[in-house]
Structure formats: C-alpha cells, structure tokens
Amino acid sequence: MNWKAFLFGAVAGAAGAYAVNAAISHKMDVPAQKVLNHARSQFRLSGQVSGSWIHMEAVPFEKNGIQYKVYRGGITRTSPDLEDGTEQFEFVADATTGTILDVYRL
C-alpha cells in the first residue's frame, strides 16, 4: 500500500469532516423577511393585515432572565369592530428560530 496516498486520504477525510461539523454546528439566523411573513400569517388569522415592518438587524433582548437575539417588528391590522378600524401591534421574534416571543398592542 502507498503510504503517501493513504495519509493524503486520511488528512482530506479529516478536513472534510471538520468542515461539515463546523457548518452544521454554526447557528444561522432565520431571515428577517421570513419572520415577518410568519408574523403576518399569524395576525391574518384574526383580521386583515394592512401594513407591516421589521427591523432587519437582530438585537439583544432579555425575557424572564433568558438572553435572546431578536428581530423587532410591527403589524397594522384592520378590524371592523374598532372605532377607527385599525389596531397596531409590535412584536419581538427570536432571530434563531423565528418564534414570536412577545406581542405588544400600541
């Protein structure tokens, strides 16, 4: 057996395994637009959404002593039950999973 070829194969395999492991273990944020689309779909369940926004940069946020990296956004929803016909909400969503952590009515 050619030891140079074996050693080259072993080194290449180890380098490939390291690269795959690094790629899998690296946590990537969910794109902000995808989080906004999810929030809009959830708000549509109880009324028509007339406007929305999201801050595209994730920022630190603490809730119940737990640190998160979050996106902040807002939704305007029309509702015939209200006097002016609209209600506004601000939401906070986890940037890693896209889960909505909190919603505030403005």
Side-chain angles (χ1 to χ4, degrees):
M1 174 177 224
N2 186 349
W3 285 101
K4 289 181 183 178
F6 174 76
L7 186 59
F8 178 74
V11 170
Y18 176 78
V20 168
N21 186 34
I24 290 173
S25 66
H26 179 39
K27 290 185 177 179
M28 304 248 339
D29 290 345
V30 175
Q33 189 62 44
K34 188 172 183 179
V35 172
L36 181 60
N37 290 340
H38 173 67
R40 286 177 58 97
S41 69
Q42 292 301 307
F43 276 93
R44 272 193 207 112
L45 296 175
S46 57
Q48 182 179 357
V49 173
S50 59
S52 62
W53 63 271
I54 193 164
H55 186 64
M56 302 296 275
E57 182 179 336
V59 295
F61 178 77
E62 180 180 338
K63 182 174 180 176
N64 299 328
I66 300 173
Q67 296 290 326
Y68 296 95
K69 199 164 118 179
V70 301
Y71 294 121
R72 294 185 174 272
I75 301 284
T76 302
R77 184 172 64 189
T78 58
S79 176
D81 300 333
L82 300 173
E83 276 184 30
D84 65 354
T86 63
E87 54 188 343
Q88 296 181 353
F89 298 91
E90 184 175 327
F91 66 88
V92 177
D94 186 359
T96 305
T97 64
T99 304
I100 298 173
L101 299 173
D102 216 343
V103 176
Y104 309 98
R105 186 173 180 179
L106 303 176

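- In this structure, the separation between OG1 on Thr97 and NE2 on His38 is 9.0 Å, given to the nearest 0.5 Å.
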Inset, instruction - Apply side-chain contact (heavy atoms from CB on, under 4.5 Å) to Thr96 and Tyr68, showing your working. - result: CA-CA 9 Å; Thr96 305; Tyr68 296 95; over 6 Å; no
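- Considering CZ of Arg105 and CZ of Arg77, their distance stands at 8.0 Å, rounded to 0.5 Å.
- Between Trp53 and Arg72, the shortest heavy-atom contact is CZ3-O, 3.6 Å.
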Inset, instruction - Could you walk me through whether Val103 and Phe43 pass the side-chain contact (heavy atoms from CB on, under 4.5 Å) test, one step at a time? - result: CA-CA 11 Å; Val103 176; Phe43 276 93; 3.9 Å; yes
Inset, instruction - Please step through side-chain contact (heavy atoms from CB on, under 4.5 Å) for the pair Lys63 and Ile66, ending with a clear verdict. - result: CA-CA 5 Å; Lys63 182 174 180 176; Ile66 300 173; 5.9 Å; no
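- Clustering ILVMFWY residues whenever any of their side-chain heavy atoms sit less than 4.5 angstrom apart, transitively, puts Ile100 in the very cluster that holds Val30.
- When the side chains of ILVMFWY residues are joined at heavy-atom separations under 4.5 Å, either directly or via intervening members, Val35 and Ile75 end up in a single hydrophobic cluster.
- Nearest heavy atoms, Ala95 versus Ala58: CB-CB, 3.8 Å.
- In terms of hydrophobic clustering, with Ile, Leu, Val, Met, Phe, Trp and Tyr side chains grouped at heavy-atom distances under 4.5 Å, Phe91 and Phe89 are assigned to a common cluster.
- Atom CD of Glu57 has 12 or fewer heavy atoms from other residues, nucleotides or ligands within 6.0 Å.
- Between Met56 and Ala32, the closest heavy-atom pair is SD-CB, 3.6 Å.
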Inset, instruction - May I have the step-by-step check of side-chain contact (heavy atoms from CB on, under 4.5 Å) for Thr76 and Val49, ending in yes or no? - result: CA-CA 6 Å; Thr76 302; Val49 173; over 6 Å; no
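- Tyr71 contributes no side-chain N or O that, together with a main-chain N or O of Leu36, makes up a donor-acceptor pair within less than 3.5 Å.
- Formation of a donor-acceptor pair under 3.5 Å by the Thr78 side chain with backbone atoms of Gln48 is found in this model.
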